[in-house]
Amino acid sequence: LSTLAFTPANNNFLKKPQDAIGYIRVSVDEVRIYSEPSYQSDVIRTFKRDQLVYVYEKFDSPEGPDFNPVWYQLDEGYLHTAYTQPVETHLNPVVSRIREEGQVFEVTVPLTQSYRNTKTYGWQKLYRLYYQSHHWVTGIETGPDGALWYKLTDDLLYVDYYVLASHMKPVPDSEFKPISADIEPGIKRVDVSIAEQRMWAYEESELVFEKKISTGIPGMESTNGIPTATPRGNFNVMNKMPVRHMGDGRLTDDIQAYELPGVPWVSYFHETGVAFHGTYWHDNYGNEMSHGCVNMKPEDAKWLFR
């Protein structure tokens, strides 16, 4: 039974090249590697979903695309950042106890396989969980390999499943404390431009934060009947959740299913469930990408949450 669900792109993955700046995870079924940093150049190979690939440089290409001209140089060719996730690997000590009400933990490896323990079939694969996703940990138990695993309670489906404990760390209380708590809420404002795919945060008239974002793709097929274009207008943040399972709400190990457990740093601003939130399934900010929400890098969504 494999608990370390890494899929390296080559057998030398564990021998990090000296000049590599890091590595990324492929977040869709297939990405193309080009001979030059341009979609007009030749395709020289492909990588599959959840492969891990070392990168040697990250840069803006004069060939664009305009909304997101950022590319990676690999040991062989070039890859646009759109359908990748920058990742790291950090293994963690197991905590001695979990709070009675549960705690928010973060995945600190590129990907890890969760399992349900069913009476009928025993240990069965469930979701793959990804780097920087958040989950409610409600217990510590012995897993299918005899090691310590955390029990996760899904916030949407209210079912329990398990992940190898060393693959997660608790989110410290300090990361939930508000930023600029002395500033009156009424003079904090966030402006989002759908045309420019950008957001600006103000404290009174002072600009304090500016980032690229990704809003909804208009007219995309919706499974719940809610429009996929991000709503326009003036809104207030109604509710905040550090963890949210988004998607269709199915129990499945199909990595192509529309299931996004553990979406981090969610700030709801619309009655249909549209929110600002962190995103671990693409790196294509500056372009419409979502089902209606405002996608942000996890660290940017945390700043807004706070």
Side-chain angles (χ1 to χ4, degrees), residues 1-9 11 13-14 23 25-30 47-52 85 87-171 223 241-264 278 280-281 298:
L1 178 66
S2 173
T3 60
L4 199 64
F6 298 162
T7 310
N11 293 330
F13 174 73
L14 294 178
Y23 57 103
R25 176 182 68 86
V26 175
S27 62
V28 291
D29 289 344
E30 183 178 275
F47 285 133
K48 300 296 185 181
R49 183 189 293 269
D50 289 348
Q51 284 190 277
L52 305 180
Q85 181 195 20
V87 292
E88 297 179 8
T89 298
H90 302 284
L91 300 180
N92 309 282
V94 182
V95 301
S96 58
R97 60 181 293 272
I98 301 296
R99 293 174 183 168
E100 185 177 351
E101 68 275 18
Q103 290 177 246
V104 179
F105 276 58
E106 179 179 343
V107 174
T108 62
V109 295
L111 60 153
T112 186
Q113 182 67 53
S114 72
Y115 289 81
R116 289 187 75 198
N117 190 9
T118 65
K119 291 182 179 179
T120 305
Y121 300 106
W123 290 94
Q124 297 287 305
K125 286 184 179 181
L126 193 58
Y127 310 116
R128 282 188 189 175
L129 307 182
Y130 293 104
Y131 182 70
Q132 292 187 308
S133 63
H134 283 184
H135 305 273
W136 284 110
V137 172
T138 55
I140 307 173
E141 299 188 16
T142 301
D145 59 351
L148 291 177
W149 289 49
Y150 290 133
K151 180 174 75 171
L152 279 52
T153 300
D154 191 276
D155 66 288
L156 177 64
L157 303 176
Y158 303 106
V159 298
D160 296 331
Y161 45 95
Y162 299 84
V163 170
L164 191 65
S166 62
H167 289 181
M168 304 186 76
K169 70 173 183 180
V171 177
T223 58
M241 300 181 71
V243 177
R244 192 59 177 154
H245 180 160
M246 298 183 178
D248 292 334
R250 293 192 294 145
L251 292 173
T252 177
D253 65 347
D254 181 1
I255 61 174
Q256 296 179 327
Y258 179 47
E259 296 301 333
L260 302 170
V263 177
Y280 54 78
W281 51 91

Determine whether [X] and [Y] make a side-chain contact, defined as any pair of heavy atoms from C-beta on separated by less than 4.5 Å.
X: Met168; Y: His135; value: yes
X: Ser114; Y: Tyr150; value: no
X: Val163; Y: Val137; value: no
X: Leu152; Y: Tyr162; value: no
X: His167; Y: Leu91; value: yes
X: Lys48; Y: Val26; value: no
X: Leu111; Y: Val87; value: no

Distance (rounded to the nearest 0.5 Å) between [X] [atom1] and [Y] [atom2]:
X: Gln85; Y: Tyr23; atom1: CD; atom2: OH; value: 10.5 Å
X: His134; Y: Met241; atom1: NE2; atom2: CE; value: 13.0 Å
X: Asp248; Y: Leu156; atom1: CG; atom2: CG; value: 10.0 Å
X: Ser27; Y: Arg49; atom1: OG; atom2: CZ; value: 7.5 Å
X: Asp145; Y: Trp123; atom1: CG; atom2: CH2; value: 9.0 Å
X: Ile140; Y: Ser96; atom1: CD1; atom2: OG; value: 7.0 Å

Point to revise | Derivation and outcome, side-chain contact (heavy atoms from CB on, under 4.5 Å), residues Glu88 and Thr108 | key: CA-CA 7 Å; Glu88 297 179 8; Thr108 62; over 6 Å; no
Identify the two heavy atoms, one from [X] and one from [Y], that lie closest to each other, and give their separation to 0.1 Å.
X: Val243; Y: Gly262; value: CG1-CA, 4.3 Å
X: Trp281; Y: Gly278; value: CH2-O, 4.1 Å
X: Pro110; Y: Thr89; value: CD-OG1, 3.2 Å
X: Asp160; Y: Arg116; value: O-CG, 3.9 Å
X: Thr138; Y: Gly102; value: CG2-CA, 4.3 Å
X: Pro261; Y: Ser133; value: O-CB, 4.2 Å

Looking at [X] and [Y], would you say the former's side chain and the latter's main chain have a donor-acceptor pair under 3.5 Å?
X: Glu259; Y: Gly249; answer: yes
X: Gln132; Y: Tyr280; answer: no
X: Gln113; Y: Leu126; answer: yes

Point to revise | Audit row: Thr142, Trp149, side-chain contact (heavy atoms from CB on, under 4.5 Å) steps and yes/no | key: CA-CA 6 Å; Thr142 301; Trp149 289 49; over 6 Å; no
Practice item. Just do the side-chain contact (heavy atoms from CB on, under 4.5 Å) check on Phe105 and Ile98 with the steps written out, would you? Key: CA-CA 10 Å; Phe105 276 58; Ile98 301 296; 3.8 Å; yes
Review point. Do you see a donor-acceptor pair shorter than 3.5 Å between the side chains of Asp154 and Tyr161?
Key: yes
Review point. Do Ser166 and Asn92 have side-chain N/O donor and acceptor atoms under 3.5 Å apart?
Key: no
Review point. Run the side-chain contact (heavy atoms from CB on, under 4.5 Å) check on Tyr127 and His245 step by step: do they pass?
Key: CA-CA 11 Å; Tyr127 310 116; His245 180 160; 3.4 Å; yes
Review point. With a cut-off of 6.0 Å (strictly less than), are more than 12 heavy atoms of other residues, nucleotides or ligands near CD of Glu101?
Key: yes
Check your understanding: Is it the case that Arg25 places NZ or CZ above or below the six-membered ring of Tyr131, under 6.0 angstrom from the centre and within 45 degrees of the axis?
Key -> no
